[in-house]
Amino acid sequence: MNQLVIIGNGFDLAHNMKTGYDDFILWCLNKIIKPGRERRLFDDDLDLAWLHYQYYNTTTYDKVEDILSYLNSRNGDVSYNKFFKKLIDKFNEAKWVDIEISYFNELFTLLETPIKSNAYLLDQNYIKSVKVLNNSLDLIKKNLEEYLSEVDKNEISYIPVIINHFNDIFKLTGRDNTGESVYFLNFNYTSTLKKYFNEDKIEIENRIYTINNIHGEINSKNNPVIFGYGDEMNPFYINIENYDENELTRNLKSFHYLLSSNYQNLFDFIEEGEFSVTIMGHSCGLSDRVLFNSIFQHNNMKAIQIYYHQKGNDKYDNDFFEKTQNISRYFDSQSKHLMRYKIVPFNKCSPLVYI
């Protein structure tokens, strides 16, 4: 049977790569306090944050809390991009932030009033506010790509248990004369997954495999980074689509998928025949709802194997339960039985890496 392997950010984190949102926010804040930056007035479209040059700092902080403490002590001498400041505030509350979901929630907040009032046309002030938000997300995307470019240069330590996972997955397929293959759907922007194959770490032999970097690759013109929101099933999306304003959907993933053939290639694979899904390091959150809904409810999809994140020494201290909750949202009410049948039970799953 064909195998579809979904790779998410947890895969990079398992390799001790600093690809968490907290790592990125820390890098951004350290960047703004460094000497040598151009001395100019703050521009919301060009800066995530700006510190008056008089208070530049040569210290490199290791914790977001510590650098924010310093910046807060310079209250009045610091300017923030408004959306970036909201991300920082959310991080302070929860110690975690999902930028894409935060963007969609902010977009909803901006447009909630005209939508609830059934306004036929949008006032230009609303469109202007959305444009500012979109420019902010573009600015974050630009900085994220710069940051991940630095992170991706680092060497990784290949993890034996992950090599074993991959080899086990390949053993579930036949050799190339059977036509069965392994299809890696990689949501990461980094080259971590590709390095395993470039270094011949996997016992591929004559087996067929494909790597689809569905969300793009760092510094690639042919496969640019996709960063936005993909929940077209949300009723709010239908409302904003009814307005004749392209700015409202500029950062929705659906249109960015059309800039490459990755999306079509994925569904060409899915339509080939029966396949099972393996999840490695992906939360299966709602920011890719339409894509996951199409995968998990496809008639050819036969099973979902989860390699969960083991948080501590206790066997049950893991995120298996949360992942099943997230996956359940991609099955409609008539398909819940199929969801319970197709997700491989916990006692037949294992952690991505062992503590």
Side-chain angles (χ1 to χ4, degrees), residues 1-9 11 100 104 137-138 141 145 169-170 172-174 176 178-194 197 204 207-234 237-238 240-241 246 248-305 326-327 329-332 335 342:
M1 184 185 297
N2 287 336
Q3 305 294 315
L4 176 63
V5 185
I6 297 174
I7 304 289
N9 188 44
F11 185 82
E100 294 172 321
F104 192 77
L137 190 68
D138 290 341
K141 173 182 169 181
E145 190 163 2
I169 291 168
F170 273 103
L172 295 174
T173 67
D176 55 4
T178 68
E180 294 179 356
S181 62
V182 178
Y183 198 97
F184 292 93
L185 188 64
N186 185 24
F187 284 84
N188 296 337
Y189 307 117
T190 60
S191 60
T192 312
L193 174 64
K194 190 182 295 183
F197 294 92
I204 301 172
R207 295 182 175 90
I208 304 169
Y209 78 95
T210 299
I211 296 177
N212 182 337
N213 297 300
I214 189 71
H215 278 175
E217 300 171 76
I218 301 166
N219 304 319
S220 173
K221 292 183 179 179
N222 295 326
N223 191 20
V225 166
I226 294 176
F227 191 72
Y229 200 79
D231 185 7
E232 294 164 290
M233 299 176 69
N234 191 304
Y237 178 81
I238 297 173
I240 64 175
E241 200 173 37
N246 289 340
L248 306 186
T249 56
R250 173 152 68 89
N251 276 312
L252 273 293
K253 289 177 180 176
S254 295
F255 306 105
H256 294 271
Y257 283 134
L258 298 175
L259 297 178
S260 74
S261 60
N262 290 334
Y263 200 92
Q264 288 85 348
N265 291 341
L266 166 63
F267 284 90
D268 285 344
F269 167 78
I270 287 175
E271 293 291 342
E272 284 179 3
E274 294 183 349
F275 66 92
S276 64
V277 171
T278 298
I279 298 171
M280 290 185 165
H282 202 294
S283 67
C284 299
L286 286 177
S287 61
D288 292 288
R289 186 173 184 174
V290 173
L291 176 57
F292 281 129
N293 184 74
S294 301
I295 292 171
F296 292 137
Q297 290 211 108
H298 197 283
N299 289 334
N300 286 338
M301 200 280 293
K302 300 304 176 184
I304 303 171
Q305 179 84 36
N326 290 344
I327 292 170
R329 296 185 178 99
Y330 302 114
F331 288 85
D332 58 37
S335 303
K342 291 186 176 183

Asker: Could you check whether any side-chain heavy atom of E272 comes within less than 4.5 Å of a side-chain heavy atom of F267, counting everything from C-beta outward?
Answerer: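 When only atoms from C-beta onward are counted, F267 and E272 do not touch, as no gap falls below 4.5 Å.
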Asker: So which heavy atom on H256 is nearest to which on R250, and how close?
Answerer: NE2-O, 2.8 Å
Asker: Determine yes or no for a side-chain-to-main-chain donor-acceptor pair under 3.5 angstrom, with Q297 supplying the side chain and D332 the backbone.
Answerer: yes
Asker: Is the side chain of E145 donor-acceptor paired with the backbone N or O of N219 at a distance under 3.5 Å, no angle test?
Answerer: yes
Asker: Under 30°, 30 to 60°, or over 60°: which ring-plane class applies to F170 and Y209, parallel, tilted or perpendicular?
Answerer: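 If you compare the ring of F170 with that of Y209, the planes turn out perpendicular.
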Asker: Just to verify, which of D288, L185, N223 counts as forming a side-chain contact (heavy atoms from CB on, under 4.5 Å) with I214?
Answerer: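 Checked D288, L185, N223 against I214; only one passes side-chain contact (heavy atoms from CB on, under 4.5 Å): L185.
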Asker: Please check if the side chain of N300 supplies one atom and the backbone of F275 the other of a donor-acceptor pair under 3.5 Å.
Answerer: no
Asker: Applying ring-ring contact (aromatic ring centres under 6.0 Å, His included), can you list everything that pairs with F255, at least two apart in sequence or on another chain?
Answerer: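 Not a single residue meets the ring-ring contact (aromatic ring centres under 6.0 Å, His included) criterion with F255.
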Asker: Kindly give the heavy-atom pair with the smallest separation between I240 and L248, and that separation in Å.
Answerer: O-CD1, 3.7 Å
Asker: If you compare all heavy atoms of T278 against all heavy atoms of Q3, which two are closest, and at what distance to 0.1 Å?
Answerer: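 T278 and Q3 have their closest heavy atoms at OG1-OE1, 4.5 Å.
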Asker: Report the residues that fulfil side-chain contact (heavy atoms from CB on, under 4.5 Å) with S261, sequence neighbours left out, ordered by chain and then residue number.
Answerer: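 N265.
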Asker: Not counting sequence neighbours, which residues clear side-chain contact (heavy atoms from CB on, under 4.5 Å) with E241? List them please.
Answerer: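 E241 satisfies side-chain contact (heavy atoms from CB on, under 4.5 Å) with Y237 once adjacent residues are dropped.
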Asker: Is L266 close to L4 at the side-chain level, that is, under 4.5 Å between some pair of heavy atoms?
Answerer: yes
Asker: If the condition is side chain to side chain donor-acceptor pair (under 3.5 Å), which residues does N213 pass it with, not counting sequence neighbours?
Answerer: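 Expected list: N186.
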Asker: Is the distance between the ring centroids of F184 and F11 under 6.0 Å?
Answerer: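 F184 vs F11: aromatic centres not under 6.0 Å.
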Asker: Any idea which heavy atoms bring M1 and S276 closest together, and the distance?
Answerer: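 Answer, listing the atom of M1 first, then S276: SD-N, 3.7 Å.
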Asker: What is the distance from atom CG of L291 to atom OH of Y257, rounded to the nearest 0.5 Å?
Answerer: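 So the gap between those two atoms works out to 5.0 Å.
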Asker: Does the ring center of F187 lie less than 6.0 Å from the ring center of F292?
Answerer: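 Here the rings of F292 and F187 have centres that are less than 6.0 Å from each other.
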Asker: May I ask you to test the I327-I279 pair for a side-chain heavy-atom distance under 4.5 Å?
Answerer: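 Yes - at least one pair of side-chain heavy atoms lies under 4.5 Å apart.
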Asker: Between I226 and K141, is a side chain to side chain contact (heavy atoms under 4.5 Å, CB included) present by the stated rule, with each step listed?
Answerer: CA-CA 9 Å; I226 294 176; K141 173 182 169 181; over 6 Å; no
Asker: Might you point out which heavy atoms bring L172 and E180 nearest each other, and give the distance in Å?
Answerer: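 That closest heavy-atom pairing would be O-OE1, 3.9 Å.
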Asker: Would the distance check show the side chain of K342 and the main-chain N or O of F296 forming a donor-acceptor pair, the cut-off being under 3.5 Å?
Answerer: no
Asker: Considering residues at least two apart in sequence or located in another chain, which fulfil the side-chain contact (heavy atoms from CB on, under 4.5 Å) criterion with N9?
Answerer: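 Per chain and number, N9 pairs via side-chain contact (heavy atoms from CB on, under 4.5 Å) with D12, L13, T19, N188.
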Asker: Counting N and O atoms only, with roles assigned by atom type, does the side chain of E100 sit under 3.5 Å from a partner on the main chain of G228, one being a donor and the other an acceptor?
Answerer: yes
Asker: Of the non-hydrogen atoms in C284 and Y330, which two are nearest, and what is the gap between them?
Answerer: O-OH, 2.7 Å
Asker: Looking at residues at least two apart in the chain, or sitting in another chain, which of them share a ring-ring contact (aromatic ring centres under 6.0 Å, His included) with Y183?
Answerer: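 Here the qualifying residues are F269.
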